[in-house]
Engineer: 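Sharing a structure here in structure tokens format.
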Amino acid sequence: MSLIVQKYGGSSVADADRIRNVASRIARGREAGNDMVVVVSAMGDTTDELISLAHQLVERPDEREMDVLLSTGEIVSSTLLAMTLKSMGHNAVSLSGLQAGIHTDTQYSKARITAIEPQRILQELNKGNAVIVAGFQGLNSQMDTTTLGRGGSDTTAVALAIGLAAHVCEIYTDVEGVYSADPRIVPEAVKIDRIGYEEMLELATYGASVMAPRAVELGQAHGMPIMVASSNSDNAGTLICKEGSMELRNKVSGIAHDTNVAKIMVIGVPDKPGIAREIFEPLARANISVDTIVQNAGLDNVTDITFTVARTDVVKALSIVEPVGRGIGATRVTSDETLSKVSIVGTGMQNTPGYAARMFRALADEGINIHLITTSEIRITCIILEDRVKDAVRALHKAFEVEFRQAE
Ligand code: ADP
Ligand code: ASP
Ligand code: MG
């Protein structure tokens, strides 16, 4: 008998039939003699709908109330799943994040898990229950509900797999694994059998929404293998684990794209020490991640600073940067929400020249203009207009196709 930790995403529990399907899968695991701990996301687009409802009432909803509101989505799906299992003759219990012992820091909407106290889960398993945990939520030191950031049920699942010393964390979704690009945009995308944490983290951070980046980071830090597979089939999925040297064979492993991008420009700032600090320190204090920072060469002691943030953070970021801009004597602060990122990722690129040139050529051949460029050792990202992002993903997939096929 072993302990299995599974997570089912929003589309896998989107309606009564889908919930019944998940319940049968859990029942099968129990009938094979396993202890089952199952994390669920909110049904379908519930989280988006709750966010939109709050914004119909308030421009900037209170962060504490918002987290409690959003956590209700996962309470609905976990309770429905537990009662379905019971009706099928299986002992089951649903637990909220609080009851499951998930402790977090106090950063509403992006809370980080600080500790897992799995006693209640273990007690319920001992009683013979399948344990259904509401994903995406925890409890802070003030006993208030927090949420773990979008896609946070993945993080709950990996954290529980670590806390319960499972051998692997199984993530079930609406695709059969991690592909060389989003299969909804590139139907010819290739399923990756095995991928290292580092590459998966770059893909996820740069938009491959199939895994939440923080969950990959957690898996990497604790050496927890993560299996991504479909809730609709029993086909083998993708194993995310420590990379072996074999993977260096394929230089580009995947293409990611992200439309949750906004550019902020602080124009006409004095070119002197301390200016970047004045802009970026308060953003960091507000827990806003900044990416792709470009400062133009100063002319007449005046320069422009451009950077990107998540589009979902732009209102908050502008409310911080606009007064700072006035304080440091900037001419103006503007924002642009028409952009997206497209990235190629692969550990094998790091010592091989020519990848950037191939990427730029593929985009140029499609007539796609590059606004900004950023790189890491294993990634090249171009910021382009959002209305060309799908064309860009397809063109890049075509340009690097040979490398994906090598990995098959
Ligand atoms: P869940 O609700 O199960 O968490 P998500 O919608 O968060 O599911 O993630 C699954 C989706 O991720 C897929 O439907 C697919 O469109 C998208 N996706 C983006 N990039 C990739 C990729 N490289 N491989 C697989 N799926 C991807
Ligand atoms: N329901 C949350 C979201 O939509 C968490 C998750 O699905 O993982 O982001
Ligand atoms: Mg997800």
Engineer: Sub-3.5 Å donor-acceptor pair from the side chain of R25 to the main-chain atoms of S231, do we have one?
Structural biologist: yes
Engineer: Can you name the nearest heavy-atom pair linking A82 to A92, along with the distance?
Structural biologist: O-CB, 3.9 Å
Engineer: Closer than 4.0 angstrom, basic N to acidic O: yes or no for R326 and E322?
Structural biologist: no
Engineer: Does a side-chain N-to-carboxylate-O contact under 4.0 Å join D234 and R28?
Structural biologist: yes
Engineer: Within the side chain of S78, is there an N or O that forms a donor-acceptor pair under 3.5 Å with the backbone of I75?
Structural biologist: yes
Engineer: Determine whether a donor-acceptor pair (N or O, by modelled atom type, separation under 3.5 Å) exists between the side chain of E278 and the backbone of I328.
Structural biologist: no
Engineer: Look at the side chain of Y197 and the backbone N and O of M224, then say whether any donor-acceptor pair between them is shorter than 3.5 Å.
Structural biologist: yes
Engineer: Locate the shortest heavy-atom distance separating A395 from E366; write the atom from each residue and the value.
Structural biologist: CB-CG, 3.4 Å
Engineer: Would a 4.5 Å heavy-atom cut-off, applied to side chains only, mark D62 and M66 as touching?
Structural biologist: no
Engineer: Side chains of Q137 and T145: is there a donor and an acceptor less than 3.5 Å apart?
Structural biologist: no
Engineer: Return the CG to SG distance between L339 and C382, rounded to the nearest 0.5 Å.
Structural biologist: 12.5 Å
Engineer: Do E199 and T347 get their side chains close enough for a donor-acceptor pair, meaning under 3.5 Å?
Structural biologist: yes
Engineer: Measure the shortest side-chain to side-chain distance between V290 and F280 over non-hydrogen atoms and say whether it is less than 4.5 angstrom.
Structural biologist: yes
Engineer: Between T104 and G138 (side chain of the first, backbone of the second, donor and acceptor by atom type, cut-off under 3.5 Å), is there such a pair?
Structural biologist: no
Engineer: Would you call E124-K127 a salt bridge at under 4.0 Å N-O?
Structural biologist: yes
Engineer: Is there side-chain contact between L201 and Q220, with heavy atoms separated by less than 4.5 Å?
Structural biologist: yes
Engineer: Indicate yes or no for a side-chain donor-acceptor contact from D193 to the backbone of T238 under 3.5 Å, with no hydrogens or angles considered.
Structural biologist: no
Engineer: Where is the tightest heavy-atom contact between I116 and G163, given as atom of each residue plus distance?
Structural biologist: CG2-CA, 4.4 Å
Engineer: Tell me, yes or no, whether the heavy-atom count around E31 atom CD, taken from other residues, nucleotides or ligands under 6.0 Å, exceeds 12.
Structural biologist: yes
Engineer: Looking at every non-hydrogen atom in both residues, tell me the closest pair between A27 and L85 and how far apart they are.
Structural biologist: N-CD2, 4.2 Å
Engineer: Apply side chain to side chain donor-acceptor pair (under 3.5 Å) to the pair N34 and S2, showing each step before the final yes or no.
Structural biologist: CA-CA 5 Å; N34 300 302; S2 52; 3.2 Å; yes
Engineer: Would you call E170 and K7 a salt bridge, using N to O less than 4.0 angstrom?
Structural biologist: no
Engineer: If we ignore hydrogens and angles and just use 3.5 Å, is the side chain of R30 paired with the main-chain N or O of M36 as donor and acceptor?
Structural biologist: no
Engineer: Would one find more than 12 heavy atoms of other residues, nucleotides or ligands at under 6.0 Å from atom CD of E377?
Structural biologist: no
Engineer: With side chains defined as the heavy atoms from C-beta onward, is the minimum distance between L125 and V37 less than 4.5 Å?
Structural biologist: yes
Engineer: To the nearest 0.5 Å, tell me how far N296 CG sits from I267 CD1.
Structural biologist: 9.5 Å
Engineer: Using modelled atom types only, decide if a donor and an acceptor are shared between the side chain of R311 and the backbone of V261 within a distance under 3.5 Å.
Structural biologist: yes
Engineer: How long is the straight-line distance from CD1 of I121 back to CD1 of I102, given to the nearest 0.5 Å?
Structural biologist: 6.5 Å
Engineer: Looking only at heavy atoms, what is the nearest atom pair of D67 and Y108, with distance?
Structural biologist: OD2-CA, 3.3 Å
Engineer: Hey, is K316 close enough to E63 for a salt bridge, meaning N to O under 4.0 Å?
Structural biologist: yes
Engineer: Short question: side chain of S340, backbone of V389 - any donor-acceptor pair under 3.5 Å?
Structural biologist: no
Engineer: For a 4.5 angstrom cut-off between non-hydrogen side-chain atoms, does T155 reach L218?
Structural biologist: yes
Engineer: May I ask you to decide whether D15 forms a salt bridge with R18, counting only side-chain N to carboxylate O separations under 4.0 Å?
Structural biologist: no
Engineer: Could you tell me whether H167 atom NE2 has more than 12 heavy atoms of other residues or ligands within 6.0 Å of it?
Structural biologist: no
Engineer: Salt-bridge test for D17 and R20: reply yes if a basic N is under 4.0 Å from a carboxylate O, no otherwise.
Structural biologist: yes
Engineer: In Å, rounded to the nearest 0.5 Å, how long is the span from CG of L203 to CG of D182?
Structural biologist: 11.5 Å
Engineer: Between T205 (side chain) and E202 (backbone), is there a donor-acceptor pair under 3.5 Å?
Structural biologist: no
Engineer: Please determine if R379 forms a cation-pi arrangement with Y206, meaning its NZ or CZ atom is less than 6.0 Å from the six-membered ring centre and no more than 45° off the ring axis.
Structural biologist: yes
Engineer: Nearest 0.5 Å, what's the OG1-NZ distance between T306 and K263?
Structural biologist: 6.0 Å
Engineer: For the OG1 atom of T352 and the NZ atom of K251, what is their distance to the nearest 0.5 Å?
Structural biologist: 3.5 Å
Engineer: For A229 and G237, which heavy atoms make the closest approach, and how far apart are they?
Structural biologist: CB-CA, 4.0 Å
Engineer: Inspect the contact between E198 and K242 and indicate whether a charged nitrogen and a carboxylate oxygen are less than 4.0 angstrom apart.
Structural biologist: no
Engineer: Which donor-acceptor pairs under 3.5 Å do side chains of residues 208-215 form with protein atoms, sequence neighbours excluded?
Structural biologist:
unit_1 : atom_1 : unit_2 : atom_2 : d
R214   : NH1    : L148   : O      : 3.4
R214   : NH2    : A111   : O      : 2.6

Engineer: Any carboxylate oxygen within less than 4.0 angstrom of a Lys/Arg side-chain nitrogen, looking at R184 and D174?
Structural biologist: yes
